[in-house]
Amino acid sequence: MACQQSRYHSFSSASRLQPRPSGVTIDESFLTEDKSTQNRKLLQKRRTLPGQFSMGGHLSPWPTYTSGQTILQNRKPCSDDYRKRVGSCQQHPFHTAKPRYLEELENYLRKELLLLDLGTDSTQELRLQPYREIFEFFIEDFKTYKPLPHQREKIRALEPLKAKLVTVNEDCNERILAMRAEEKYEISLLKKEKMNLLKLIDKKNEEKISLQSEVTKLRKNLAEEYLHYLSERDARKILIADLNELRYQREDMSLAQSPGIWGEDPVKLTLALTMTRQDLTRTQMELNTMKANFGDVVPRRDFEMQEKTNKHLQEQLDTLRASYEEVRKEHEILMQLHMSTLKERDQFFSELQEIQRTSTPRPDWTKCKDVVAGGPDRWQMLAEGKNSDQLVDVLLEEIGSGLLREKDFFPGLGYGEAIPAFLRFDGLVENKKPSKKDVVNLLKDAWKERLAEEQKETFPDFFFNFLEHRFGPSDAMAWAYTIFENIKIFHSNEVMSQFYAVLMGKRSENVYVTQKETVAQLLKEMTNADSQNEGLLTMEQFNTVLKSTFPLKTEEQIQELMEAGGWHLSSSNADLLNYRSLFMEDEEGQSEPFVQKLWEQYMDEKDEYLRQLKQELGIELHEEVTLPKLRGGLMTIDPSLDKQTVNTYMSQAFQLPESEMPEEGDEKEEAVVEILQTALERLQVIDIRRVGPREPEPAS
């Protein structure tokens, strides 16, 4: 009985003091194996047992008063003391029946401990091996603890998500900071504009007050002038009457004093006097009539002058009233805008405080100079003129290129339908590890062979056939995987990014061909303008060639191309430009800024063209568009399109062969429908551009 109690006590103590099996070093070969191999070995060993480690879904009852008992003592299995205790315990059987599952675990542990070779140096480590297996069996059958390994695996799997979360948080912080800077700048502009408008309002109010004072003064002057003219009129009437009376008296006196002055015929003189007096009376009557009719009339010259002055003042008054009303409305709008700006400022300030409380600091990019290959000089060259988002791309390219150099093999992607034809392979594929320059040269050779003769096969098939012809069938798949992994990483390289887009079907190869033809045509036009064949052009010649080659480009776009070529508004016309240097490429295929600006403008023009098409259709992206409606929208925004070009666009948008396209006006056209977003994405793939101006020029 004492032996039994000591065995139970030993088992209980060992169970409490035994560490977790996953942290114990048992067997070097066992520890170097992966988790699946360890589990497979344990399951295989479990099958070899009599069986019976499975509990059948329930446990045998066990008395609570035996919880302190154990099955083994902390003794060496092969010692004499251990054998004596085992013998004595066999002579005294247990009074309380143990669970069958526990007995099987004891027997298995006892056998394993007896079979151990305790003569080696790693005896302690070997003794832990059976306990680990027993613990694995125990965990396997007890469903309460079985999920623990799975939870550890899940924790390890969630570690990359944590890093991704940090990256997303950094991106969000950068956007928030950019938004803050932009909003701060806009608020400062609005404040300046508000102050200027307030000054303008004050100035207009002062002008209005001065004009009102001037109008009042003019009215007062006009009243004074009117009274003055009335008094002048009355004085004139009195003066004329006095003059007439004096003239009559003088005539009567002269006739009375000198009767012989008129000669010897008094009858004639009397008759002349009578006729003169009649004329005088008639004239006086006419004069009185005119005075009665036109006594209150001012002179026409004064009237016209006053009318002109009054009209001018009235126009000024109307203008001031209109200006005042406009300024008043602008003031109200500005006040509303000011209030909304204040609310937005308070809201942004609250968000800023919240972000400052929860955000992480901006990354210190100078730390990368000691990590990137090439040292600080190369990092300064890579980081020059780039924002945080672009610097992340640079780091990803550097990390990706480093990982590519470390890989010796690529795992095959299999033969699924979603796998491109040139990557369908099962197994390991050798990494050829070419340099970036070698990859660019290989892609250029592929384009040359593609453009040399008309190819009827698809571009992915041509690419794989090109590799087979270049490196042989045995190495073609390895080179396909190697080139694909390189062009997938280096997005900043023009040759690689364009080749990757065409290879994956994101862009039609006609886009690349058309762009190359455009660059070649522009170089030809510049060469023709260079009459001396010296490779030099003046600013005026350069501008003329650009406008003649790209007649649909705006003045701003032409100016951007000239600045990309090295000319600015302050440049002198006498300066000469080496135009041939604009079309050079470095050893990695990177073009000069002039050619890059041409490509950027082409992509911007395509996006603007599709935006105008969507605006003309007047429907949402998730709605359906019919073939006639899409054709009509294209002809509206670009009337110069010919029928063949329109059919090509329709074939791409609705994924129909041109031979199966219904004719214009056919009833079958209405049956051809597609989601607008899908149609626009398909048109984005091909070479779609404006052929002529939106409004055709009138015929002269």
Side-chain angles (χ1 to χ4, degrees), residues 176-240 287 289-353 554-556 559 568-570 615 695:
I176 290 170
L177 292 175
M179 289 175 61
R180 280 192 212 134
E182 183 178 356
E183 290 160 359
K184 185 177 179 182
Y185 178 71
E186 292 179 356
I187 290 172
S188 63
L189 291 180
L190 290 174
K191 287 182 178 179
K192 291 180 181 178
E193 186 176 0
K194 173 190 171 185
M195 296 303 298
N196 293 332
L197 291 173
L198 290 175
K199 293 179 180 177
L200 180 61
I201 291 172
D202 295 339
K203 184 178 179 181
K204 294 295 182 182
N205 289 332
E206 293 176 358
E207 292 180 357
K208 177 186 174 183
I209 293 171
S210 63
L211 289 174
Q212 288 178 347
S213 302
E214 187 176 354
V215 168
T216 304
K217 183 178 180 181
L218 289 174
R219 286 178 179 174
K220 184 177 180 181
N221 293 336
L222 180 61
E224 293 176 355
E225 289 293 328
Y226 181 73
L227 294 175
H228 177 70
Y229 285 138
L230 285 177
S231 61
E232 286 290 333
R233 182 198 65 179
D234 296 338
R236 185 178 180 185
K237 289 180 180 180
I238 296 171
L239 181 60
I240 291 174
L287 179 61
T289 303
M290 291 183 67
K291 287 180 179 180
N293 293 334
F294 302 101
D296 297 333
V297 178
V298 297
R300 185 176 185 84
R301 183 182 61 183
D302 295 341
F303 173 76
E304 290 178 352
M305 184 179 298
Q306 293 296 331
E307 186 180 20
K308 183 177 180 181
T309 304
N310 186 34
K311 185 178 180 180
H312 178 66
L313 292 175
Q314 188 65 33
E315 290 177 353
Q316 288 183 349
L317 181 61
D318 294 339
T319 303
L320 288 174
R321 285 177 179 174
S323 300
Y324 172 74
E325 188 65 23
E326 183 178 356
V327 170
R328 186 183 64 80
K329 292 180 180 179
E330 291 180 356
H331 176 69
E332 292 178 355
I333 295 174
L334 287 174
M335 289 301 296
Q336 295 176 359
L337 184 61
H338 176 66
M339 296 304 296
S340 63
T341 304
L342 288 178
K343 292 180 180 179
E344 291 181 359
R345 183 199 65 181
D346 296 338
Q347 180 181 356
F348 289 145
F349 183 73
S350 301
E351 293 179 359
L352 174 61
Q353 288 182 335
T554 62
E555 289 293 335
E556 290 77 7
Q559 185 61 36
H568 301 276
L569 292 174
S570 59
Q615 184 178 1
E695 295 296 335

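Counting heavy atoms of neighbouring residues, nucleotides and ligands inside a 6.0 Å radius, atom CZ of F348 exceeds 12 of them. The local environment of CD in Q615 is sparse, with at most 12 non-hydrogen atoms from other residues, nucleotides or ligands closer than 6.0 Å. More than 12 heavy atoms of other shown residues, nucleotides or ligands fall within 6.0 angstrom of atom CZ in R328.
N310 places no side-chain N or O within donor-acceptor distance of the main-chain N or O of Q306, the cut-off being under 3.5 Å.
The OG1 atom of T341 sits 9.5 Å away from atom CD of E186, with the distance rounded to the nearest 0.5 Å. Taking CE from M195 and NZ from K191, the interatomic distance works out to 11.0 Å, rounded to the nearest 0.5 Å. Taking CD of E206 as the reference point, atom CG of L211 lies at 12.0 Å (rounded to 0.5 Å). Taking NE2 from H338 and CD from E332, the interatomic distance works out to 15.0 Å, rounded to the nearest 0.5 Å. Separation of atoms NE2 (H312) and CD (E307) is listed at 14.5 Å; rounding is to 0.5 Å. In this structure, CD in Q353 is found 11.0 Å from CD in E351, a value given to the nearest 0.5 Å.
A 4.5 Å side-chain heavy-atom check between R236 and I240 finds at least one atom pair inside the cut-off. Residues E325 and R321 have side chains not in contact (no heavy-atom distance under 4.5 Å, counting atoms from C-beta outward). L337 has its side chain within reach of L190: a pair of non-hydrogen atoms, C-beta onward, lies under 4.5 Å apart. In this structure the side chain of Q212 never reaches within 4.5 angstrom of the side chain of L317, judged on heavy atoms.
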Next item on the list: Using the side-chain contact (heavy atoms from CB on, under 4.5 Å) rule, take L313 and Q316 through it: C-alpha gap first, then chi angles, then the decisive distance, then the call.
Entry: CA-CA 5 Å; L313 292 175; Q316 288 183 349; 3.9 Å; yes
Next item on the list: List the steps, then state whether side-chain contact (heavy atoms from CB on, under 4.5 Å) holds for K184 with R180.
Entry: CA-CA 6 Å; K184 185 177 179 182; R180 280 192 212 134; over 6 Å; no
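In this structure R300 satisfies the salt bridge (Lys or Arg N to Asp or Glu O under 4.0 Å) test together with E304, sequence neighbours excluded. With sequence neighbours left out, the side-chain contact (heavy atoms from CB on, under 4.5 Å) criterion links K237 to R233, K291.
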Atom pairs and distances, side-chain donor-acceptor, residues 220-229, under 3.5 Å, sequence neighbours left out:
unit_1: N221; atom_1: ND2; unit_2: K217; atom_2: O; d: 3.2

